[in-house]
Amino acid sequence: MMKRLWSEQQSQQDIEQCQELTIGGRLPKHCAIIMDGNGRWAQERSKQRAAGHEEGMESVRDIVKASSQLGVKYLTLYAFSMENWKRPRQEVNVLMLLLERYLRQELQELHENGVRLNAIGKLNALPKRVFNILHEAMEKTKNNEGLVLTLALSYSGRWDVNRAVQLIAHDVRRGKLSPEDITEERFASYLQTSGLPDPDLVIRTSGEMRLSNFLLWETAYSEIYITECMWPEFRREQYFSAMRDYMSRERRFGKTSAQVKTEPSKTVFQKVMDAFNPLS
Ligand code: FPP
């Protein structure tokens, strides 16, 4: 029988690469990806755009598996933006079909590998069939403790900030919240990403240098990695390169380099406590 556990499917070389990346504990805890370039990848090969999306789905499979094997705790994929609804009807249909197919085909394997599926965005705008399977998948995997895979679907960062402001305004009007209580932490708790730590690393493929309305609040201090590679060609090797690049950077959060270097590193106890606290 084929081994379905990803931890049992790794080659020796793969295991060594993962070990090398995890040494030192500097892997990003949350990696968010703007998957771009499916259309251009197809065009360069005189194929239909749909073929690019289909190949892009293979990259999704590989990156999800690699993240789980590596021990990245949170992976967020920008799979369909609110603006993507403006694409030709036929392309939107292809993307919705692929999404449905991915969820149907992969759900059992994701579940067996401990993945918790999550989604952000205006989900009720999705076709009923996609919405239903998405809910089924989130329900089935809700108690899993491995990788948290968040799909951004019909998502817009501004829309989510706007939605949070509306929810806060309702709570203020009902007397549940006073304006003085609206701190950054409280504000973030109204976003759909509440419960997820901010992304440490944002990867964008295909060389475009934009955030395209992705996680606008949450990426305030994220490191950004842009590669010329088109999404259908972005597989674990390219992912590991992005990780290496990230790990070589110094994250300063507005402080000076000297301050960062003299900060006491966390104790083992603090690291264990952080691992149990999803908001840390
Ligand atoms: C951007 O490429 C990609 C998308 C709009 C959709 C991403 C979808 C997938 C990778 C396939 C299915 C997803 C899941 C989660 C199963 P583009 O079409 O904008 O490329 P272009 O800029 O070269 O035209």
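Order of listing sets the numbers, starting from 1, for every ligand and every atom in it. The residues of the chain are indexed from 1 along the displayed sequence.
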**Study point:** Sequence neighbours excluded - ring-ring contact (aromatic ring centres under 6.0 Å, His included) pairs with any residue from residues 17-45
**Key:**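 Only His30-Tyr74 qualify under ring-ring contact (aromatic ring centres under 6.0 Å, His included).
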Revision key, fill the gap. Contacts satisfying ring-ring contact (aromatic ring centres under 6.0 Å, His included) that involve residues 158-201 (not counting sequence neighbours) are Phe187-Trp217
Identify all side-chain donor-acceptor contacts of residues 51-60 below 3.5 Å with residues at least two apart in sequence or on another chain.
{"unit_1": "His53", "atom_1": "ND1", "unit_2": "Asn38", "atom_2": "ND2", "d": "2.9"}
{"unit_1": "His53", "atom_1": "NE2", "unit_2": "Glu91", "atom_2": "OE2", "d": "2.8"}
{"unit_1": "Glu55", "atom_1": "OE2", "unit_2": "Arg235", "atom_2": "NH2", "d": "3.0"}
{"unit_1": "Glu58", "atom_1": "OE1", "unit_2": "Arg61", "atom_2": "NH1", "d": "3.4"}
{"unit_1": "Glu58", "atom_1": "OE2", "unit_2": "Arg61", "atom_2": "NH1", "d": "2.6"}
{"unit_1": "Ser59", "atom_1": "OG", "unit_2": "Trp231", "atom_2": "O", "d": "2.8"}
{"unit_1": "Ser59", "atom_1": "OG", "unit_2": "Pro232", "atom_2": "O", "d": "3.2"}
{"unit_1": "Ser59", "atom_1": "OG", "unit_2": "Phe234", "atom_2": "O", "d": "3.3"}
{"unit_1": "Ser59", "atom_1": "OG", "unit_2": "Arg235", "atom_2": "NE", "d": "2.8"}

Show the distances, to 0.1 Å, for all pairs joining an N/O atom of ligand 1 and a protein N/O atom that are shorter than 3.5 Å, listing one pair per line.
{"unit_1": "ligand 1", "atom_1": "2 (O)", "unit_2": "Gly37", "atom_2": "N", "d": "3.4"}
{"unit_1": "ligand 1", "atom_1": "2 (O)", "unit_2": "Asn38", "atom_2": "N", "d": "3.3"}
{"unit_1": "ligand 1", "atom_1": "18 (O)", "unit_2": "Arg49", "atom_2": "NH2", "d": "3.0"}
{"unit_1": "ligand 1", "atom_1": "18 (O)", "unit_2": "Arg87", "atom_2": "NH1", "d": "2.9"}
{"unit_1": "ligand 1", "atom_1": "19 (O)", "unit_2": "Asp36", "atom_2": "OD1", "d": "3.3"}
{"unit_1": "ligand 1", "atom_1": "19 (O)", "unit_2": "Arg87", "atom_2": "NH2", "d": "2.7"}
{"unit_1": "ligand 1", "atom_1": "20 (O)", "unit_2": "Gly37", "atom_2": "N", "d": "3.3"}
{"unit_1": "ligand 1", "atom_1": "20 (O)", "unit_2": "Asn38", "atom_2": "N", "d": "3.1"}
{"unit_1": "ligand 1", "atom_1": "20 (O)", "unit_2": "Gly39", "atom_2": "N", "d": "3.0"}
{"unit_1": "ligand 1", "atom_1": "22 (O)", "unit_2": "Asp36", "atom_2": "OD1", "d": "3.1"}
{"unit_1": "ligand 1", "atom_1": "22 (O)", "unit_2": "Arg40", "atom_2": "NH2", "d": "3.0"}
{"unit_1": "ligand 1", "atom_1": "23 (O)", "unit_2": "Gly39", "atom_2": "N", "d": "3.4"}
{"unit_1": "ligand 1", "atom_1": "23 (O)", "unit_2": "Arg40", "atom_2": "N", "d": "2.7"}
{"unit_1": "ligand 1", "atom_1": "23 (O)", "unit_2": "Arg40", "atom_2": "NE", "d": "2.7"}
{"unit_1": "ligand 1", "atom_1": "24 (O)", "unit_2": "Arg49", "atom_2": "NH1", "d": "3.1"}
{"unit_1": "ligand 1", "atom_1": "24 (O)", "unit_2": "Arg49", "atom_2": "NH2", "d": "3.0"}

**Study point:** Under 3.5 Å side-chain donor-acceptor pair for Gln9 and Gln69
**Key:**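 No, no side-chain donor-acceptor pair sits under 3.5 Å.
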Review point. For Asn213 and Ser156, does a side-chain donor sit closer than 3.5 Å to a side-chain acceptor?
Key: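 Side chains of Asn213 and Ser156: pair found under 3.5 Å.
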Review point. Between Lys86 and Glu83, does a salt bridge (charged side-chain N to carboxylate O under 4.0 Å, His left out) hold up when you go through it step by step?
Key: CA-CA 6 Å; Lys86 296 181 198 141; Glu83 291 76 22; 5.6 Å; no
